[in-house]
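A note on names: the letters A, B, ... follow the listed sequences, proteins ahead of strands, and every chain is numbered from 1.
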Number of protein chains: 2
Amino acid sequence: MSSSKSPDKAADPSSPTAIPPRERIVSSAADLFRKFGIRGIGVDAIAEAAQTNKMTLYRKFGSKDELLCATLRQVTQRAGAIWDELERDFAGDAAAQLKRWVEFQVDRLEQEPGGCDLANAAVELRDSDHPAHAVVQEFKNSQRNRLAAVCEAAGSSNPELLADTLSLLLEGARVSVQTSGPEGSSRRFRESCEATIAAFHRSRV
Amino acid sequence: MSSSKSPDKAADPSSPTAIPPRERIVSSAADLFRKFGIRGIGVDAIAEAAQTNKMTLYRKFGSKDELLCATLRQVTQRAGAIWDELERDFAGDAAAQLKRWVEFQVDRLEQEPGGCDLANAAVELRDSDHPAHAVVQEFKNSQRNRLAAVCEAAGSSNPELLADTLSLLLEGARVSVQTSGPEGSSRRFRESCEATIAAFHRSRV
DNA sequence: TCAGAACGTTACCGACCGGTCACACCCATG
DNA sequence: CATGGGTGTGACCGGTCGGTAACGTTCTGA
């Protein structure tokens, strides 16, 4: 995540030139897609929110679909950073990593009531040929495998099944947030995760 | 394009008491919303698929939103019928009901790769003020409570937590179907459910 | 027989969409 | 100064959308 090129320009945070247009567009697009849905927001509004215009947007990204993929890829990078953080803060202690993973996701549930941008995009774009679907599928797969690795390192019986279960719980919680609000969902997710982890820790299921 | 004027009026080989337009519209709308998304299909196409026209559609339903709510309500009725079936086929045997519930949902995962229409609608309509949201929330709540009743009758330790966990697993599986395909998702859901039910049956979690 | 409801057909409206074009602008480098 | 790339501006295109108006048709039932 190297962002600063240290230009000798004015570092005024309010100045639109502080951040290059491309990043502003991706950032604004992610924001508006999240708020209104992919089909619910137009490229004009995205460009305006990024303090630029439609022409520049189309010069950076050939189409709205391409812009969408770029925003999703950015989301995957941000979300994927958790594993590095886990390894950094709890190196070697996989059980602690698993516990922290749950808490991290609980925080996300409470702070991001819009659910998972990737999953939401997949739901909204029913056409499975859409290029965004590949981004989503690859991400979900990698997240599950990373989780399975942690589960295995934590000495769980049947780490694959535990990872599957926790993945489903998370996926379910992130959509429940959108149907039933974040209040109960995060609590239920946490309690379900703790019970599940305990069960897989105790028995030979 | 339009070779109309053909008097195919009474040439319908189906029953004389044909399905009334309203039901046809709701049925077609549910189908097309499922296939293309709510924002991905127009009322014209819905009317045509229902073998009627837009004017009739708007006379039966005042707006697209109203039509959407009607289709969602129909989905809730259909999906809610499972509880009657469960009680009919396994009266008194709550453990068997729970097992059958899992298998029923597994079948749905495999046969309906589009996920849950209600949840999908909630995801697509980010505006939580939309009338459809109320329909979705009420349905999800009732489903969870019904499941909790079965869990309690099955003698589970902590039936509330078990119901929450199974609900999250189902919700997660029905979105995973859309991100990773139905092959692995249904199997993972079943195995996770079985392990979870077993854990709640065996211990005092 | 005739009224009236239900349904079909066509055309239309205003709004918005994704995407393109031509052109002016700013600013760094030579 | 010249030049050329990155950027801003506004007009424009073809298409689709949700929704409505006006009128014609078919069926029913008293």
Distance below 4.0 Å between [X] side-chain N/O and [N] OP1 or OP2:
| X | N | result |
| --- | --- | --- |
| B/Lys60 | C/dC7 | yes |
| A/Thr56 | D/dG8 | yes |
| B/Thr52 | C/dC7 | no |

>> Once hydrogens and angles are ignored, does a donor-acceptor distance under 3.5 Å link the base of D/dG8 to the side chain of A/Arg59?
In response: yes
>> From C-beta outward on A/Pro21, which listed nucleotide comes closest to its side chain: D/dT7, D/dT9, C/dG8?
In response: D/dT7
>> Let's see if you can work this out: which of D/dT20, C/dC7, C/dA22 has an atom nearest to the side-chain heavy atoms of B/Met55?
In response: D/dT20
> Taking atom CD of A/Glu138 as the centre, does the number of heavy atoms from other residues, nucleotides or ligands within less than 6.0 Å exceed 12?
Replying inline: no
> For atom CD of B/Gln74, is the number of surrounding heavy atoms from other residues, nucleotides or ligands below 6.0 Å larger than 12?
Replying inline: yes
Using a strict threshold of under 4.0 Å (side-chain N to carboxylate O), is an ion pair present between [Y] and [X]?
| X | Y | result |
| --- | --- | --- |
| B/Arg190 | B/Glu103 | yes |
| A/Arg100 | A/Glu85 | yes |
| B/Glu160 | B/Arg144 | yes |

> Closest heavy-atom contact between B/Trp101 and B/Leu170?
Replying inline: CZ2-CD2, 3.7 Å
>> Please give me the minimum heavy-atom distance between A/Ala96 and A/Phe90, naming the atom from each residue.
In response: CB-CD2, 3.6 Å
Atom [atom1] of [X] and atom [atom2] of [N]: how far apart are they, to the nearest Å?
| X | N | atom1 | atom2 | value |
| --- | --- | --- | --- | --- |
| A/Leu57 | C/dT20 | CG | P | 12 Å |
| A/Gln51 | D/dT9 | CD | P | 11 Å |
| A/Arg24 | D/dT7 | CZ | P | 9 Å |
| B/Asn53 | D/dG18 | CG | C1' | 15 Å |
| A/Glu48 | D/dT7 | CD | P | 19 Å |

> Base, backbone or nothing for each nucleotide of nucleotides 12-19 of chain C, written B, S, -, heavy atoms under 4.0 angstrom, 5' to 3'?
Replying inline: ------BB
